[in-house]
There are 2 protein chains.
Amino acid sequence: MNLKELSALLGLSQTTVSRALNDYPEVSETTRKRVKAAALANNYTPNPRAKGLATGRSMAIGHVIPISTQHEMVNPIFADFIAGAGEVYAGADHDLLMSVVPDVDEERTYRNLAARGSVDGVIVHGPRADDSRIALLKKLGLPFVVHGRAGADEDSYSWVDVNNRRSFQRATEFLLQLGHRRIALINGLEGMDFANRRRAGYEAALAARAIAPDAALMASDEMTEEFGYRTARDMLARDAAPTAFVVSSMLTAIGVRRAIGDAGLCMGREVSVVIHDDVLSYLRNGGDIPLFTAVRSSVHLAGRLCARMLLDLIASPGAPPARRLLETELVIGQSTGPVPGPAPGNGPAPGDRG
Amino acid sequence: MNLKELSALLGLSQTTVSRALNDYPEVSETTRKRVKAAALANNYTPNPRAKGLATGRSMAIGHVIPISTQHEMVNPIFADFIAGAGEVYAGADHDLLMSVVPDVDEERTYRNLAARGSVDGVIVHGPRADDSRIALLKKLGLPFVVHGRAGADEDSYSWVDVNNRRSFQRATEFLLQLGHRRIALINGLEGMDFANRRRAGYEAALAARAIAPDAALMASDEMTEEFGYRTARDMLARDAAPTAFVVSSMLTAIGVRRAIGDAGLCMGREVSVVIHDDVLSYLRNGGDIPLFTAVRSSVHLAGRLCARMLLDLIASPGAPPARRLLETELVIGQSTGPVPGPAPGNGPAPGDRG
DNA sequence: ACTCATGCTCAAAGCGCTTTGAGTGCCCGA
DNA sequence: TCGGGCACTCAAAGCGCTTTGAGCATGAGT
């Protein structure tokens, strides 16, 4: 069933039917009702390709997922983010076009999307501190929203980000208040903007107590369980082992927990852990008392917000860039406690419970 | 740059240019070379919408991701699968169209994709034992490949699946050979085809030793860490606690491991665990000796195979359904060992070391 | 009665491509 | 010299939609 058939059926011109369906004011209410009813009855929906060809708009949003040649890693938060964004698209009658490309082809992919008008806008995933995509997209004139931020010039584009700096500052402070002094940071991949900000927050909290950051207690890599395990294991084997960890992801923290167990220690007693929790659907930090003490912000929500923001941006092209900074929530779980006391038995200062 | 401009530039008609680019035999080799060079130089690529409108083909593959109203869960294997499939699409110049829809709208979504020709084919994710999508897609005449299988009639459609039955039979047998007799099964969500087959394999292995399956040692649910933890904790607290677990996912097994640790036991000594390992990029069962003993099959590979199969199917519409059954690989890790000796309690025959 | 908004409807052009059916020029053999 | 293949090339139609610019009643104003 196409427009021509439908209008023949109704005894109207294609113009009128099209206008009726698209809520143009020129068509009478009676006609509109009749047309819409007929469309529904014959379950007619306009062909998006033809529509796109005629309007120049695609009603689709692009998500470009680079496959790195070095890190053959699909970002674990990706699924939840996409689910959030996808919900919004579905509600707004937009398609989600995904391109999985080797990272070397990424620029070409964006150029193509823009040149061919395959999408009305794109979401930029996983920005690095100096991300070239932002300048490129600006140049191409393709509307975009960044999930995260990239270094400088934050006011010149639209983004949705977690307040990573404050969040990690707070997490670190919490551990400091519990009496911990040797606090390790197990961070995300070097070069990622979020990892930089998290480190800055961590260092700021230490600086506020005049504690110099110790390079031996800071690690950065792809946030896998394995990375958490190895890193924590090695750090715990040191002479001046850390008594607490701040960890950038739940998955990594699971590895940290394993290392703590392997070392014969108990998480929440001898060693404390605070994590960043993305509230992934398949990795709930749940229970009555969450397993991990966490600074928490839902990535599913971030997906929704990004999508909504992008659609708004597309709808009003002249509008200035929008931004949204999400604060995290600090939830106390089982993984933190006062720093273990000096000699054989632990003796935290009374009242020092964070 | 569009076709008209390009042909004007070359002093040729649109027809010739189009044919040159699409490798029609009627155009001379000299002309073809010249045209292709010009296209490259002016980085011209045909507008996929216009192309689709003219040919009736979309050069896109659909992935419909249902968001369940009950289980608000994004399948954790999804990201890796998509990455695998996406690579193949990119190499074959196809787009990946994703629809995230409430499961109640799923049928409508498929009908729409088919009616509008938005995609040339779809991948069916997470088939349940009696999945209605297969009949629907057959009726709609939309090419499709199922990732997994759905109950009966396996020869009537195309699929890529792991040999779940044999895989779990083997995993269970391995534990039996180690002397374990009380073996628990922590499975995926009830109703999913793969969960049924895994249970069947598990039961077959037990039956071969004349062991009756114990309902109290079998659990089914969404495969989260939390589910693994709770289930294992409760089972280990029982009088006749299991000495081994067969677990349907690595994430769930991490929860099992936690429960084992909390119970003051050691995985690989007092309690053995065998998992199904999907080889997810962000959840490597790695190390020199893998953490978990596992039956292993890469879901990334499955994504590639599904995509390739679907593209082939689309290319030759008359072809009979294709299928591909992937065998798993049994890798020995640190999580399994002989059943603990008699002494205070249980008594396996000596020499029963698998 | 005539003009002029007003409200509704329409035919046709155009979006960028493929594909049909029709040339056009060239060379070969008769 | 001429007809007929052959190897290329082309103009134009059509894919299903939106949108422009125009047309046709109707009713109000003079």
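Naming convention: chains lettered A, B, ... in sequence-line order (proteins, then strands); numbering from 1 in each chain.
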Under 3.5 Å, side chain of [X] to main-chain N/O of [Y], donor-acceptor pair present?
X: B:Arg32; Y: B:Ala20; answer: yes
X: A:Ser156; Y: A:Asp153; answer: yes
X: B:Arg304; Y: B:Gly84; answer: no
X: A:Asp80; Y: A:Ser281; answer: yes
X: B:Ser158; Y: B:Ala322; answer: yes
X: B:Tyr89; Y: B:Arg308; answer: no
X: B:Ser99; Y: B:Val101; answer: no

Quiz prompt | Degree of bending, the helix from C:dA1-D:dT30 to C:dA30-D:dT1 (end axes from five pairs; round to 10°) | solution =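 It works out to 70° between the end axes.
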
Quiz item: Salt bridge or not for B:Glu106 and B:Arg133, using N-O below 4.0 Å?
Solution: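 Salt bridge flag = yes for B:Arg133 with B:Glu106.
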
Quiz item: Roughly how far apart are A:Leu280 CG and A:Phe78 CZ, rounded to 0.5 Å?
Solution: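 These two atoms lie 13.0 Å from each other.
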
Quiz item: chain A on DNA chain D: first and last contacting nucleotide, 5' to 3', under 4.0 Å to a heavy atom?
Solution: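 Answer, 5' to 3': D:dG16 to D:dG21.
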
Self-check item: Ring-ring centroid check B:His147 B:Phe81, cutoff 6.0 Å
Solution: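 Between B:His147 and B:Phe81, the centre distance is under 6.0 Å.
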
Exercise. Specify the residues of residues 29-42 of chain A, ordered by number, for which at least one heavy atom lies under 4.0 angstrom from an atom of DNA chain D.
Key: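 None - not one residue of the stretch has a heavy atom sitting under 4.0 Å from the strand.
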
Quiz prompt | Residue met sooner reading DNA chain D from 5', once A:Thr55 and B:Leu53 are mapped to nucleotides | solution =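 Result of the comparison: B:Leu53.
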
Quiz item: Between B:Ala54 and B:Pro25, who's closer to the 5' end of DNA chain D by nearest nucleotide?
Solution: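 First, find each residue's nearest nucleotide; the 5'-ward one identifies B:Pro25.
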
Quiz item: Is A:Asp23 atom CG crowded by more than 12 heavy atoms from other residues, nucleotides or ligands, each under 6.0 Å away?
Solution: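 Yes, CG of A:Asp23 has more than 12 neighbouring heavy atoms, counting only those of other groups under 6.0 Å.
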
Practice problem: Can you sort out which residues in residues 8-20 of chain B have a heavy atom within less than 4.0 Å of DNA chain C? Ascending by number, please. | Solution: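 Those residues are B:Gln14, B:Thr15, B:Ser18, B:Arg19.
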
Exercise. Output all residues satisfying side-chain contact (heavy atoms from CB on, under 4.5 Å) with B:Ser18, sequence neighbours left out; order by chain, then residue number.
Key: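 Checked B:Ser18 against side-chain contact (heavy atoms from CB on, under 4.5 Å); matches are B:Leu3, B:Asn22.
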
Return all side-chain donor-acceptor pairs below 3.5 angstrom for residues 117-125 of chain B, not counting sequence neighbours, or 'none' if the list is empty.
| from | atom 1 | to | atom 2 | distance (Å) |
| --- | --- | --- | --- | --- |
| B:Asp120 | OD1 | B:Ser58 | N | 2.9 |
| B:Asp120 | OD1 | B:Ser58 | OG | 3.1 |
| B:Asp120 | OD2 | B:Ser58 | N | 3.4 |
| B:Asp120 | OD2 | B:Met59 | N | 2.8 |
| B:His125 | NE2 | B:His63 | ND1 | 2.8 |

